[in-house]
Every structure is written in structure tokens, then in C-alpha cells.
Amino acid sequence: MTKKKKVLIVDDMHESILPLLRNEGFEPIYLPIVSREEILELIPDFHGLVIRSKTTVDKELIQQAKKLEFVARAGAGLDKLDEANLREHGILIVNAPEGNRDALGEHTLGLLLAVLHRINVSFQQIKGGSWDREGNRGIELKGKVVGIYGVGYMGKSFASKLKGLGCKVIGYDKYKYEFSEDFIEKVSLDEFQQRTEILSIHIPLTDETEYLFDKSYLSRFSQLRIVLNTARGKVLRTSDLTDLIEEGKVYGAGLDVLENEKPSTYSAKDRELIKRLAVLPNVIVTPHVGGWTFESYQRINEVLVGKLKAAFAS
């Protein structure tokens with residue numbers, strides 16, 4: 001790299017991001033509390049932009065970014081990026097699913113085991129003075145069919161964590177025709193919907209997948225008992241899933257994401273949904289922390305900078 005490329009970092013990042021970028025010849029400017037308006041003012045002078053979820057990289061921002069050569073997303077999802085517009089302007093898109101896939105896979109497994117063995121609800125009961133063994137009888141994972149919907153980095157990671165637990169893992173992905181992993185059986189959508197007992201969703205949020213998993217779609221799964229969503233909140237209509245659980249048609253759920261993850265902006269409908277989820281004993285919800293560990297926080301930086309080094313090596 002003959003000339004240092006200025007990189008604007010607009011979200012909180014592990015402190016390693018600055019030395020990593022500098023060591024590869026970049027000039028990083030770290031402004032994690034910068035506002036959207038300030039980003040628009042600053043971006044014309046920068047060659048790179050590093051984000052998490054603070055701002056949408058949309059047409060407005062891209063038009064202001066006269067020198068922009070790349071956008072690096074510190075994580076897996078690209079739903080904050082106008083990918084078509086970025087590519088049209090020749091701007092490289094870099095993300096880091098390799099950085100938090102292990103964290104996500106472990107967390108998804110944790111959600112599943114918590115639901116099957118009523119770990120969270122039984123502890124809450126104990127804190128309240130109850131000791132109910134029979135009421136908290138668990139369900140074994142062994143022998144169950146786990147369906148991985150979306151066999152990318154995250155889906156494969158979760159599937160790998162299931163090895164040795166005695167369950168059958170099947171996978172469906174509309175855009176992947178072959179799976180190299182011997183621990184995932186590739187099946188058609190029809191077979192996937194017929195056999196899946198535990199559904200784990202691992203697809204990106206796009207126009208095609210928004211609210212794909214609504215009551216009608218979930219009802220096509222003839223043996224569905226548990227739903228896990230650690231992808232994006234808006235790929236699943238959570239109120240429809242809640243209906244199915246309340247009606248006894250689905251046993252439970254483990255959710256790391258919701259449609260609205262900002263309590264300060266909750267509507268009356270959002271608040272009612274949280275109340276409904278909170279009283280369901282076979283449901284556990286975590287605050288979008290599936291891929292958020294101390295290890296992944298640093299590893300994401302290493303993945304991003306490694307990709308940028310490869311792309312801009314002189």
C-alpha cells in the first residue's frame with residue numbers, strides 16, 4: 001500500500017482495531033460516538049468505513065463518500081448496507097462471519113438445551129422458594145431431528161456443536177447446492193419441513209426473507225416442536241410463533257433476536273409481545289448476544305483487517 005488510506009470507525013470496537021489497521025498501513029480515525037449527521041460531513045475525506053449497526057450505509061451516505069473504497073461490517077449481517085448501490089460504485093464490502101461463528105453456534109446450543117431442560121425456568125422457581133422436580137422434567141436432544149435453515153457460517157457452526165449429542169442434523173439452503181460437512185444431511189425443502197422437529201434459523205435479512213417465517217410457513221412443518229432464531233428478528237414474525245406456542249402447536253422457542261430490540265421505542269404492541277413471551281415457560285429470550293463474546297469481539301477485528309490486507313496489498 002503506497003499511500004495510507006484513511007479509515008473512519010464509527011462504532012465501538014475492540015481496542016485492537018487501531019494497531020491492527022496501522023500495522024497494515026491504514027490511517028484509522030476512531031469516533032465511536034459520532035452522530036449520523038457528523039458521519040455524512042466527515043465521510044468525503046475517507047477511503048474506508050468500519051461499522052457495526054450505528055448507521056445505514058445507504059444511497060445518501062454513498063453519494064457523500066467521494067473517496068470511499070470499502071465498507072467493513074464488524075459482524076456477519078449486511079442488512080445495514082445497500083449492497084447493490086455499493087457494488088455499483090465499486091466499493092468493496094467486507095464482513096466477518098468467521099469472527100463470531102463459534103460464539104453464535106455455542107449460544108444457539110445453549111438456548112436449545114435451556115428450553116429442553118427448563119434450565120432458566122427451574123432456576124427462577126428455586127429463587128422463589130420452589131423445588132419442583134417433576135414439573136421440570138426435561139426432554140433429551142438425543143434422537144431428535146434438528147433442521148438447519150441456512151447453511152452458511154452460522155448454520156454450520158451450530159451443526160458442528162451438535163456432533164456427539166446423538167441427534168440427526170438436516171440442512172436446507174435455497175442458494176447452496178452442496179454441503180461439504182458430513183454431519184449435515186442435505187435435504188429438499190419438502191423433506192426438511194416434514195422431518196424437522198427443532199428448527200434453527202440462520203438466514204440473512206433481505207427483502208426475500210423478511211417475515212418468511214410467519215404462521216402459515218411455520219405450519220408447514222408437520223413435526224415442529226422448537227424454534228431457534230439467532231439470525232435477525234424480522235425473518236420471523238414472533239407474534240405468530242407466540243400464537244403457535246400458546247395454542248400448544250409448538251412446544252417452545254429460543255430467541256436471541258426480536259423485530260424491535262430497542263425498548264425505548266416499543267409500541268404498545270411490542271410491549272404486549274414481550275409480556276406474552278415472558279410468561280411462557282418454554283421460551284427463553286436473550287438480548288442479541290449470540291455472537292457477542294470477549295473472544296469474538298477481538299477476533300472480528302483480526303478477520304476484517306486480514307481481508308482488507310488481502311484486498312489492498314501493494
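A cation-pi arrangement, defined by a distance under 6.0 Å to the six-membered ring centre and an angle within 45 degrees of its axis, is absent between Arg271 and Tyr266. Remark: Lys5 is not positioned above the aromatic ring of Phe26, lacking an NZ or CZ atom under 6.0 angstrom from the ring centre and at most 45 degrees off the axis.
In terms of modelled atom types and a separation under 3.5 Å, the side chain of Arg195 and the main chain of Val145 share no donor-acceptor contact. Distance alone, capped at 3.5 Å, places no donor-acceptor pair between the Lys54 side chain and the Ile51 backbone. At distances below 3.5 Å, at least one donor-acceptor pair connects side-chain atoms of Ser122 with backbone N or O atoms of Ile119. Using modelled atom types, one side-chain atom of Arg52 and one backbone atom of Ala74 make a donor-acceptor pair closer than 3.5 Å. Here the side chain of Tyr172 pairs no donor or acceptor atom with the backbone of Gly150 at under 3.5 angstrom. In this structure, the side chain of Glu24 does not engage the main chain of Leu21 through any donor-acceptor pair within 3.5 Å. In this structure, Thr196 contributes its side chain and Phe192 its backbone to a donor-acceptor pair below 3.5 Å. With hydrogens and angles ignored, the 3.5 Å screen pairs no side-chain donor or acceptor of Asp270 with any backbone N or O of Asn260. For Asp82 (side chain) and Asp58 (main-chain N/O), no donor-acceptor pair under 3.5 Å exists by modelled atom type. A donor-acceptor contact shorter than 3.5 Å links the side chain of Ser296 to the backbone of Gly291.
Residue Thr286 comes nearest to His107 through the heavy atom pair OG1-NE2, 3.0 Å, listed as atom of the first residue, atom of the second, then distance. The nearest pair of heavy atoms linking Asp256 to Val289 is OD1-N, 2.8 Å. Across Pro204 and Thr209, no two heavy atoms sit closer than the pair O-OG1, 2.7 Å. In terms of heavy atoms, Asp12 sits closest to Pro32 at OD1-CB, 3.4 Å. Closest approach of Leu304 and Ala72 over heavy atoms only: CD2-CB, 4.1 Å. Smallest separation of non-hydrogen atoms from Val257 and Ala231: CG1-O, 3.7 Å.
Outside the 6.0 Å centre-distance limit, the rings of Tyr211 and Tyr217 are not counted as a close aromatic pair.
Atom CD1 of Ile198 sits about 12.5 Å away from atom OG1 of Thr108, to the nearest 0.5 Å. Once rounded to the nearest 0.5 Å, the distance linking CG of Leu241 with CG of Leu255 reads 6.0 Å. Atom CG in Leu8 sits 10.0 Å away from atom CG in Asp45 (nearest 0.5 Å). In this structure, the separation between CD1 on Ile43 and NE2 on His47 is 10.5 Å, given to the nearest 0.5 Å. Interatomic distance, OG1 of Thr242 versus CZ of Arg237, reported as 12.0 Å (0.5 Å rounding). Distance check: Glu38 CD to Ile33 CD1 gives 8.0 Å after rounding to the nearest 0.5 Å.
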* Kindly indicate, with the supporting measurements, whether the criterion side chain to side chain contact (heavy atoms under 4.5 Å, CB included) is fulfilled by Ser200 and Tyr149. => CA-CA 6 Å; Ser200 192; Tyr149 197 107; over 6 Å; no
* **Test salt bridge (Lys or Arg N to Asp or Glu O under 4.0 Å) applied to Glu98 and Lys307, step by step** => CA-CA 11 Å; Glu98 304 93 332; Lys307 290 182 178 181; 3.1 Å; yes
* Asked: Between Arg73 and Ile93, is a side chain to side chain contact (heavy atoms under 4.5 Å, CB included) present by the stated rule, with each step listed?
  -> CA-CA 8 Å; Arg73 165 73 168 88; Ile93 300 171; over 6 Å; no
* To do: Tell me, with the steps shown, if Leu165 and Leu109 meet side chain to side chain contact (heavy atoms under 4.5 Å, CB included).
  => CA-CA 11 Å; Leu165 292 176; Leu109 179 58; 3.9 Å; yes
* To do: Any chance you could lay out the salt bridge (Lys or Arg N to Asp or Glu O under 4.0 Å) test for Lys215 and Glu247, step after step, and finish with the verdict?
  => CA-CA 12 Å; Lys215 184 177 290 189; Glu247 294 163 7; 3.7 Å; yes
* In sequence, state the C-alpha distance, the side-chain angles, and the governing distance for Val10 and Leu31, and then conclude on side chain to side chain contact (heavy atoms under 4.5 Å, CB included). => CA-CA 5 Å; Val10 299; Leu31 299 174; 5.6 Å; no
* Asked: Where do Glu83 and Arg87 land on the salt bridge (Lys or Arg N to Asp or Glu O under 4.0 Å) test, with the steps shown first?
  -> CA-CA 6 Å; Glu83 296 183 64; Arg87 292 194 174 98; 3.2 Å; yes
* To do: Just do the salt bridge (Lys or Arg N to Asp or Glu O under 4.0 Å) check on Glu134 and Arg137 with the steps written out, would you?
  => CA-CA 5 Å; Glu134 181 56 33; Arg137 186 192 292 257; 2.7 Å; yes
* Asked: Given Phe70 and Phe312, is the ring-ring contact (aromatic ring centres under 6.0 Å, His included) satisfied, shown in steps?
  -> CA-CA 10 Å; Phe70 69 85; Phe312 294 101; 5.4 Å; yes
* Take Lys161 and Ser157 through the side-chain hydrogen bond (donor to acceptor under 3.5 Å, both in side chains) test and state the conclusion after the steps. => CA-CA 6 Å; Lys161 305 298 185 284; Ser157 177; 3.3 Å; yes
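Heavy atoms from other residues, nucleotides or ligands lying under 6.0 Å from NZ of Lys144 number more than 12. For Lys186, the NZ atom sits in a packed shell: over 12 heavy atoms of surrounding residues, nucleotides or ligands are nearer than 6.0 Å. In the displayed structure, Glu140 atom CD is contacted under 6.0 Å by at most 12 heavy atoms of other residues, nucleotides or ligands.
There is a path of hydrophobic side-chain contacts, each under 4.5 Å, that joins Ile226 to Ile284. Note on Leu273 and Val250: same hydrophobic cluster, where clusters join Ile, Leu, Val, Met, Phe, Trp and Tyr whose side-chain heavy atoms are under 4.5 Å apart, directly or indirectly. Hydrophobic cluster membership is shared by Ile203 and Ile170, with clusters built from Ile, Leu, Val, Met, Phe, Trp and Tyr side chains linked at under 4.5 angstrom. No chain of hydrophobic side-chain contacts below 4.5 Å, direct or via other Ile, Leu, Val, Met, Phe, Trp or Tyr residues, connects Val285 to Leu111. Put simply, Val227 and Leu277 are part of the same group of oily side chains (I, L, V, M, F, W, Y) that touch within less than 4.5 Å, one to the next.
Considering Val146, Val151, Asp102, Thr230 as possible partners of Phe158, the one that fulfils the side-chain contact (heavy atoms from CB on, under 4.5 Å) test is Val146.
Using modelled atom types, one finds a donor on one side chain and an acceptor on the other under 3.5 Å when comparing Arg36 with Thr55. No hydrogens or angles considered: nothing links the side chains of Asn100 and Arg299 as a donor-acceptor pair under 3.5 Å. Glu259 and Thr238 are linked by a side-chain donor-acceptor pair at a separation below 3.5 angstrom, with hydrogens and angles left out of the test. Counting only N and O atoms by type, the side chains of Ser219 and Ser216 include no donor and acceptor under 3.5 Å apart. Side chains of Glu261 and His288: a donor on one and an acceptor on the other come within 3.5 Å.
The aromatic rings of Phe213 and Phe221 lie tilted to each other, with the angle between the two planes from 30° to 60°.
A heavy-atom distance below 4.5 Å is not found between the side chains of Val50 and Asp11.
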Quiz: residues 124-132 side-chain donor-acceptor pairs under 3.5 angstrom, not counting sequence neighbours:
residue	atom	partner	partner atom	Å
Gln125	OE1	Asn136	ND2	2.8
Asp132	OD1	Gly135	N	2.8

